[in-house]
Every structure is written in structure tokens, then in C-alpha cells.
Amino acid sequence: MRKLMRVGAASLAMAGAAWSQPTGVVSSPHNLSAGGPGAIRAASEEEVCIFCHAPHGSAPIRPLWNRAMPTEAYTIYGSRALDATLGQPTGSSKMCLSCHDGTIALGAVVSRTGEITMSGGVRTMPEGRSRLGTDLSDDHPVSFRYEPSLATKDAHLRSPNSLPSAVRLDANGELQCTTCHDAHSNSNGAFLVMQHDGTRLCVSCHAMGTTAVTGHGSCSDCHQPHTAPSGPYLLKRGTVTATCVSCHDGSVSGAADIRADLNKAHAHDTGSPVDPPDPAREHATCTSCHEPHTMGRGGATAGVLHPNFGRIGGVNASGAAVSVASSEAEVCFACHAEGSVPRPVVSRQVAQSNTRLEFAPGAASFHPVLSQGKNPDVPSLKPGWSEASMVQCSDCHASDGGGARGTHGSMQTGLLKARYETMDPSTETESAYALCYQCHDRASILEDRSFRGHRRHIVDLRTPCATCHDAHGISSAQGSELSHSRLINFATSAVGPDPATGRMEFRLLGSRSGECFLSCHGVAHSPKGY
Ligand code: HEC
Ligand code: HEC
Ligand code: HEC
Ligand code: HEC
Ligand code: HEC
Ligand code: HEC
Ligand code: HEC
Ligand code: HEC
Ligand code: HEC
Ligand code: HEC
Ligand code: HEC
């Protein structure tokens, strides 16, 4: 108690009616007097409050502020998602920055003519976590009005009217350093205004939704409020991908190893910057497919969005943007439908990079991604599959060789889940067309149950499936049931027009019957039927 008298708290308390006696300072790192508990303290100065306040002769700012205010132009926080309008720091944030930006001597107080000498030759805030610098673009935004209208604009924000009592905005309704911190009390650690476990303080204001993934239980698993390596979104690593794979790299038990897949020859990740320019289409990253705050766990159901995508946006079967996708394909359509960049693996008679049109329920033929298939007669389907089944993009596009589930990376061209030879000619083996043989019985195909020429072409002539079949579908604008049933869409590397008729065409004539006009490796079909 005697010590407290000496530090001048009593005189400060008398300077204004509202002044309490924040004794918590004395035992905290904010006691910069010679007797302070921290490493950073004065050589001989014994007053505690003086580093921030003085009863007389201080700067004319409440609360008897005793320090020069920084005049630095700060780099402020910014991101594409930010709704608040930020300006330069104001109010109490500037007070904190008068030490924490590292530009003003800790001992430079207004009430003394000379600078208070700190021990160990320290003058300004030393390099380290406590020195935020003048670049605040990697720190939680401060000095903006947190009004109810902000919460109306951003569904992920709570109304400032419902803040817990410990969390306070300043008199102007602005969020400041002092909204989260109390310079006088370190009882919660880090001078925080309330107990914080990495989440509690954050969810006073943010309503991000809920996740069933226990490994993501804390905001601090992915975010840090200060000096965040990503800048925008305050992530713990430089990019979204790096943040996620800091755990998903085989080092954390239970967290699937995604890094191994990203290192494969065909990876679905551009390692893009954290806040890529709009449109983000060419910048696939983990959060293109997984909404980080609402991811769940559980099993997949074809046609229904897997819980581990979370509440992610996409484009629906009619081409309209949706804020919450309801199937996996809708997530992919965000980038692989309208405006997608063509990356053909096989050059085809009918070229199309809009996968939405290829799989549309009205398309000439299609694998059943968006709706049940329309061929009632697919004898090759293996047990577990039927003409009523639906398939997902990720049934074909996923990690090969038993890696983590999902469209992350594969050694196979086209980011395919299993081998699929497209080079004409290719020798038929179980493994050469392993992709198709996941669902279609090899023996059935090679026994010519549907197409009487399957075995002759596939085995004898070593024609790959891709020379005749398009694994996706043929849009209604580019083909009809007569001309492009059965996923027939010839590869132009092997197939050309019939020299007699000039036609390059498949015609379905009925059940398990059709004819082709074309020329293949110099063999004219003018036509050939089955
Ligand atoms: C490291 C800097 C620092 C130290 C040391 C410090 N304070 Fe403060 N104090 C502040 C800041 C910053 C504010 C303004 C807070 C705000 O606006 O919410 C403040 C505000 C106050 C207020 C006004 C509260 C109000 O509601 O207006 C009182 C009283 C006060 N301090 C007393 C003290 C006393 C007594 C000491 C010494 C035991 C002390 N402070 C030490 C930084 C400090
Ligand atoms: C007079 C200079 C000064 C002012 C003004 C000041 N601080 Fe500090 N602060 C320090 C010093 C010195 C440390 C100790 C740094 C260290 O040990 O690395 C510190 C430490 C901290 C810490 C880290 C505590 C911990 O447990 O690691 C936080 C948080 C903090 N200050 C917040 C604030 C906030 C918020 C304000 C404004 C309300 C503020 N400071 C104003 C000098 C100041
Ligand atoms: C939205 C809440 C929030 C705001 C606003 C905020 N901080 Fe923090 N700050 C935190 C949290 C939470 C921690 C503890 C981080 C941890 O333990 O990992 C922290 C930690 C710190 C630290 C300790 C070093 C570190 O990186 O952990 C300092 C110094 C600090 N804050 C200063 C400030 C200053 C100065 C401002 C205003 C420019 C400010 N803070 C604004 C939440 C906030
Ligand atoms: C006192 C309320 C409050 C607290 C506590 C708080 N925030 Fe915020 N935070 C906000 C507001 C308001 C914004 C501005 C949102 C906007 O304008 O879109 C914001 C912005 C952010 C942003 C940037 C959003 C963007 O669109 O770029 C991130 C990231 C963030 N907060 C994370 C956190 C984390 C992590 C914590 C806990 C350490 C936390 N916040 C604590 C109110 C708070
Ligand atoms: C701090 C470590 C950590 C970080 C960072 C992390 N994860 Fe995880 N994640 C885990 C753990 C552990 C699990 C295991 C499941 C559980 O805990 O419920 C998991 C599970 C998951 C799952 C669910 C898998 C399932 O069971 O279906 C997905 C999806 C996922 N993480 C994606 C991500 C993405 C995307 C990011 C980056 C935005 C990320 N994770 C960042 C630790 C982490
Ligand atoms: C598994 C990792 C992970 C966890 C856990 C996590 N976040 Fe995020 N958060 C991210 C990533 C990654 C982004 C960037 C989103 C993007 O790329 O679009 C983000 C973005 C944000 C944003 C800005 C975008 C927006 O929607 O407003 C806020 C605010 C935010 N997070 C707050 C939080 C809070 C609060 C918590 C804890 C309740 C939390 N986050 C937990 C990974 C995570
Ligand atoms: C944010 C945009 C985006 C989303 C969403 C997206 N992709 Fe992609 N996709 C790309 C980009 C960009 C590439 C090019 C490869 C790269 O650099 O990442 C690509 C490449 C691919 C390739 C490889 C093509 C090749 O020949 O190499 C496949 C297959 C693919 N995506 C399938 C999917 C599937 C399936 C989904 C949904 C689960 C999906 N994509 C969601 C942007 C996206
Ligand atoms: C994930 C399971 C799955 C995989 C992998 C798969 N298919 Fe299918 N396929 C089906 C289902 C289910 C149908 C039935 C659709 C119907 O009844 O119209 C089907 C139907 C077909 C049809 C007939 C379509 C029609 O409209 O007549 C052809 C041709 C076909 N598949 C070829 C292939 C080829 C070639 C591959 C390898 C690239 C392949 N499939 C891979 C599940 C699969
Ligand atoms: C039945 C298996 C199968 C399904 C289901 C499937 N793909 Fe493919 N996809 C392939 C094969 C095989 C190739 C490469 C060979 C080819 O073009 O025939 C390919 C190529 C691609 C390519 C690169 C070529 C291009 O068209 O730009 C992209 C991107 C792609 N698929 C995205 C998707 C998306 C998105 C979905 C779901 C909406 C999907 N795929 C569903 C088998 C499939
Ligand atoms: C193109 C879309 C896409 C991108 C980009 C993407 N994922 Fe996935 N992810 C998926 C799909 C699809 C699944 C499988 C869902 C299912 O199980 O049906 C999946 C599953 C997962 C799982 C669960 C795997 C398992 O076997 O349990 C984790 C963990 C995961 N993703 C993390 C990540 C991380 C980390 C990133 C960024 C490096 C990422 N994903 C990027 C589409 C994507
Ligand atoms: C020379 C062209 C050609 C090649 C090569 C070819 N197919 Fe076919 N396929 C057809 C035709 C034509 C039909 C239509 C049969 C009918 O009338 O129903 C068909 C039908 C199918 C069907 C649907 C009926 C059924 O049998 O279940 C599947 C599945 C199929 N093919 C898979 C494959 C696979 C897998 C490969 C490669 C291993 C392959 N095809 C190679 C021309 C070809």
C-alpha cells in the first residue's frame, strides 16, 4: 500500500471524480517504473502512472494523458470482405500506439523535460510481439464506428447493442484497442477485458456459425489478432492453404494429410494470395470449397453437399449464384461453369468447358451428377450402382492411391481418382481404365453386352474409352439423343470425317443398336452399324 501512495495513484485519483484506483497496473508489465515486474522498466524512475498520466502539465487530453501522440501515417487493415470504413487510428488506440508502434521513446513523457531513462539501454518498444509497428494491416481493425448497421450488412456480426458488459466501445461508439484490452489490469492475461480461450472474446462480436470439427474448436487455431502473417483475415500463416496445411500435413493426429496431395503433379490449388483479386475463379484455395467456420463431419450422400464443405456458396444447376450450395457440383460450378477456363484433357468433336451444361438434366447424355441418368439399360454397372444412382464430381476427381478424400491432388492427368488412359492406342488392362472400372464391370464391357464392338475396339484395336466416350456429357445445344447418346463424343486426335459422306456422327438406332459415320486410323465407317 505504501508503494502505491508513492507512485502517485492517490493524487491522480483526486484529479477527477470518475477516477478509480487501478492498482492492477502495479503488478503488470505496464508498470514501467524501476520497481516494475517486467523486463522493460526505468533505470530509476519510481512513479508508475507517469509513463501514461500526469496530474499536472500533461497533454490536454482525457485522461490527463502524459505522452506525445503519434503522428505517423499508419497502414491500416483492409480486405475484400470488410464492411467497416476504416481510417487512421484515433482516441485511446493512439495512446496505446504511442508505445506499441515502436516509434516514440517509452520514457518520453510530457510532464518531464528530459526523457525518462530506461534500464538496459532500451528506448523504444523492442522488436517482438508487443511492437505492432506502424503497419496495422496485419492487426485486428480499430478506430471505426461499430454500429448496428454494420451487423445488418454482415450476417457474421452481432449487434454492438448486445456486447458483454466487459467489452466496451468508446464514447463515439468506436471499437478501439481498449474494447479488447484494459491497460490497467492484466488479470486475464494480455491485458484483456475478459477471460479468453482463443474464442470467447471473439464471439462477443462475431457469429461465424458452428463447426462440428473439434480440431477447429478455437478461433486461434487459424487466426491471431495481431501481426498475422496473412494480413487480410488475420490468419496464422501467409496464405489460407498454408494455414490449413499447418495441421493437415500429417503432423496432427486425426487431421487428414492434404499437403501430400498438393505436392502431386495435378493439384487443385494455386497457392494463391489470401485475398485474391476478383474474380477469384483462377485462385482455388481451401476456402473455395470448404467454408472454414461451418465445416462438419459425416458421410457423403450423392447429390447432397458433404458436411465438410460447410455453408459454402456456389452456382446452381440453372446458373444462378447461391450463397449456400446444396450439392458438391454447385460448389464446382462456381469456377467450372460459366466463364470457366478450358483445360481440355482430350480434344473432342464437341468441345465444352462449361460442366454445368454438360451435366444438365436436358443434355443429350450425361453421367448422373445433377439428375438421375436417362439410360435405363446400363448392364455393366457393378453391384451397388444402378441406373437410378447419382455420382459426384469427386467420385472421378479426387486423390489417387488412397490419399485423403477430395479433389485436392493426384498423380493422374485431369486430377482423376484413378488411372484413365486416353492415348490412342493403349493396351487394355484392369488398371488402364481403373477409373471407369470402379463402377462399370470390366468383364461386362469386354463381353460386349451393350455395344457389340467394345471388345474388338478396346482389346484388339487398343482403342481407349475416351476415343468414343466423353466422361461428362454433351450439352443439349451441341447434340441430341439421336447423335450423342451413350456419352459418345469422339476424340478428334483419332477420329475424323467419313471420306464417303463427310459425316462424323454416331446415330442411336434403338436398344443396343446404332451406327457410325467416320474414319478412324484410316478405316472408313460409311457407316458401320451394330
Ligand atoms: C501503460 C499506460 C498506462 C498506465 C501506466 C496507466 N494508465 Fe491509466 N489509462 C491509460 C489509458 C490508455 C487510459 C484511457 C482508457 C480509455 O480511454 O478507455 C487510461 C485511463 C485512466 C483513467 C480514466 C478512466 C476513465 O474511465 O476515464 C484513470 C483514472 C487512470 N487511467 C488511472 C491510472 C492510474 C492511477 C495509474 C497508475 C496506477 C494508471 N492509470 C496507469 C493508460 C495507462
Ligand atoms: C508507456 C508505454 C505503453 C503504453 C502507453 C501502452 N503500453 Fe502496453 N506495454 C508496454 C510495455 C513496455 C509492455 C511490455 C512489453 C514486453 O515485455 O515485451 C507492454 C505490454 C502490453 C501487452 C502484452 C502483455 C503481456 O502479457 O504480454 C499488451 C496486450 C499491451 N501492452 C496492450 C496495451 C494497450 C491495449 C495499450 C493502450 C490501452 C497499451 N498497451 C499502452 C508499454 C505501453
Ligand atoms: C478485437 C480485439 C482486440 C483488439 C481490438 C486489439 N487487440 Fe491486442 N490482443 C487481442 C488478443 C485476443 C490478444 C492475445 C493474443 C494471444 O494471446 O494470442 C492480444 C494481444 C496483444 C498484445 C500482445 C502481443 C501479442 O501479439 O499477443 C499487444 C501488445 C496488443 N494486443 C496490443 C494491442 C493494441 C496496441 C491494440 C490497438 C491498436 C490492440 N491490441 C487491439 C485482442 C485485441
Ligand atoms: C468488440 C467486437 C469484436 C471483437 C471482440 C472481435 N472482433 Fe473481429 N471484428 C469486429 C468488427 C466490427 C469487425 C469489422 C467487420 C466488417 O466490417 O466486416 C471485425 C473484423 C475482423 C476480421 C476482419 C474481417 C474482414 O472482413 O476482413 C477478422 C479476421 C476478425 N475480426 C477476427 C476476430 C478474432 C479472431 C477475434 C478474437 C481474437 C475478434 N475478431 C474479436 C468486431 C470484433
Ligand atoms: C489447428 C490444426 C488445424 C487447422 C489449422 C485446420 N485443421 Fe482441419 N482438422 C483438424 C483436425 C485435428 C481435424 C480432425 C477432425 C476433428 O477434429 O473433428 C480436422 C478436420 C477437418 C475436416 C473434416 C474432415 C472430416 O472428418 O470429414 C476438414 C474438411 C478440414 N479439417 C479442413 C480444414 C481447412 C479447410 C482448414 C483451413 C481453413 C483447416 N482444416 C485447418 C485440424 C486443423
Ligand atoms: C479452421 C480454420 C479457421 C477457424 C477455426 C476460424 N477461422 Fe475465421 N477464417 C478462416 C479463413 C481461412 C478465413 C478466410 C476466408 C476466405 O478465404 O474467404 C477466415 C475468415 C474470417 C473472417 C472474415 C470473413 C468473414 O466471413 O467475415 C472473420 C471475421 C473470421 N474468420 C472470424 C473467425 C472467428 C471469430 C473464429 C472463431 C469463432 C474463426 N474465424 C475461426 C479460418 C478459420
Ligand atoms: C475457386 C475456383 C474453383 C473451384 C470452386 C473449383 N475449381 Fe477446379 N480448378 C480451378 C482452377 C483454377 C484449376 C486449374 C488448376 C489450378 O491451377 O489449380 C482447376 C482445375 C480442376 C481440374 C483439373 C483440370 C486439369 O486438367 O488439370 C479438375 C478435374 C477440377 N478443377 C475439378 C473441380 C471439382 C470437381 C470441383 C468441385 C469439387 C472444383 N474443381 C472446384 C478452380 C476451381
Ligand atoms: C462413380 C461411378 C461411375 C464411374 C466412375 C463411371 N461411371 Fe459411367 N455410369 C455410372 C452410372 C451410375 C451410370 C448410369 C446412368 C444412366 O443410367 O443413365 C453410368 C452410365 C454410363 C454410360 C451410359 C450413359 C448413357 O447415357 O447411355 C456410359 C457410356 C458410361 N457410364 C461410361 C463411363 C466411362 C467411360 C467411365 C470412365 C471414364 C465411367 N463411365 C465411369 C457410374 C459411373
Ligand atoms: C464419371 C467420371 C467423371 C465425373 C463424374 C466428372 N468428371 Fe470431370 N473429367 C473426367 C475425365 C475422365 C476427364 C478427362 C478426360 C476427358 O475429358 O474425357 C475430366 C475432365 C475434367 C476437367 C478438365 C477438362 C475440362 O473440361 O475443362 C474438369 C475441369 C472437370 N473434369 C471437372 C468436373 C466437374 C466440375 C465435375 C462435376 C460437376 C466433373 N468433372 C465430373 C471424369 C469425370
Ligand atoms: C475443389 C474443391 C476443394 C478444394 C479446393 C479443397 N478441398 Fe478439401 N475436400 C473436397 C472434397 C470434394 C472433399 C471430399 C468430401 C467427401 O468426403 O465427400 C474434401 C475433403 C477434405 C478433407 C477430409 C478428407 C478425409 O479423408 O477425411 C479435408 C481434411 C480437406 N478436404 C481439407 C482441405 C484443405 C486443407 C484444403 C486446402 C489445401 C482443401 N481441402 C481444398 C474439395 C476440396
Ligand atoms: C469404339 C467406340 C467405343 C469405345 C472405344 C468404348 N465404347 Fe463404350 N460404348 C460405345 C457405344 C457405341 C455404346 C452404346 C451401346 C448401346 O447402344 O447401348 C457404348 C456403351 C457403353 C456403356 C453403357 C452400356 C453398358 O455396357 O453398360 C458403358 C458403361 C461403356 N460403353 C463403357 C465403356 C468403357 C469403360 C470403355 C473403355 C474401357 C468403352 N466403353 C469404350 C462405344 C465405345
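Each ligand, and each atom within it, is numbered from 1 in the order the structure gives.
Proximity to Ser130 (heavy-atom distance under 4.0 Å) selects the following atoms of ligand 2: 15 (C), 16 (C), 18 (O).
Residue contacts with ligand 2 include Arg67, since one or more of its heavy atoms lies under 4.0 Å from the ligand. For Arg405, the closest heavy-atom approach to ligand 5 falls below 4.0 Å. Using a 4.0 Å heavy-atom cutoff, Gly189 is absent from the residues neighbouring ligand 2. Heavy-atom separations between Gly453 and ligand 11 are all 4.0 Å or longer.
In this structure, the protein non-hydrogen atom closest to atom 11 (C) of ligand 5 is Ala255 CB, 3.6 Å. Summary of contacts: the protein heavy atom closest to atom 34 (C) of ligand 5 is Cys244 SG, 3.5 Å. The nearest protein atom to atom 1 (C) of ligand 11, hydrogens excluded, is given as Cys468 SG, 2.6 Å; this is a heavy-atom distance. Protein heavy atom in closest approach to atom 26 (O) of ligand 5: Arg297 NE, 3.0 Å. Atom 28 (C) of ligand 11 has its closest protein heavy atom at Ile445 CD1, 3.8 Å. Of the protein's non-hydrogen atoms, the one nearest atom 32 (C) of ligand 5 is Met295 SD, 3.6 Å. Nearest non-hydrogen protein atom to atom 14 (C) of ligand 5 is Gly254 O, 3.1 Å. Nearest protein heavy-atom contact of atom 16 (C) of ligand 5 is Thr214 OG1, 3.4 Å. Considering only non-hydrogen protein atoms, atom 24 (C) of ligand 5 sits nearest to Asn308 ND2, 4.1 Å. Counting only heavy atoms of the protein, atom 27 (O) of ligand 11 lies nearest to Ser380 OG, 2.6 Å. Closest protein heavy atom to atom 20 (C) of ligand 5: Val213 CG1, 3.3 Å.
Residue His30 places at least one N or O, backbone or side chain, under 3.5 Å from an N or O of ligand 2. At least one N/O-N/O distance between Gly215 and ligand 5 falls below 3.5 Å. Between Trp65 and ligand 2, no pair of N/O atoms sits closer than 3.5 Å.
Two residues are said to be in side-chain contact when any heavy atoms from C-beta on lie closer than 4.5 Å; Arg129 and Thr227 fail this criterion.
For atom 22 (C) of ligand 11, the candidate residues are Ser450, Gly510, Pro464, Ser513; the nearest heavy-atom contact is made by Ser450. Among His293, His216, Glu291, the residue whose heavy atom lies closest to atom 9 (N) of ligand 5 is His216. In the candidate list Lys236, His248, His290, His248 is nearest to atom 19 (C) of ligand 5, counting heavy atoms. The heavy atom nearest to atom 30 (C) of ligand 11, out of those in His525, His367, Glu428, His469, is found in His469. Between atom 33 (C) of ligand 2 and the options His100, His181, Gln176, Met118, the minimum heavy-atom separation is to His100. In the candidate list Ala190, Ala39, Pro225, Ala190 is nearest to atom 25 (C) of ligand 2, counting heavy atoms.
Look at Cys247 and atom 8 (Fe) of ligand 5: no N/O/S atom of the residue is under 2.8 Å from the metal.
Within a 6.0 Å radius of CZ in Arg503, more than 12 heavy atoms belonging to other residues, nucleotides or ligands are found. In the displayed structure, Met194 atom CE is contacted under 6.0 Å by more than 12 heavy atoms of other residues, nucleotides or ligands.
Side chains of Thr427 and Arg462: a donor-acceptor N/O pair is present below 3.5 angstrom, by distance only.
A salt bridge is defined here as a Lys NZ or Arg NE, NH1 or NH2 lying under 4.0 Å from an Asp or Glu carboxylate O, and Arg455 with Glu428 fails to meet this definition.
Sorting the N, O or S atoms of His454 by how far they are from atom 8 (Fe) of ligand 11 puts NE2 first.
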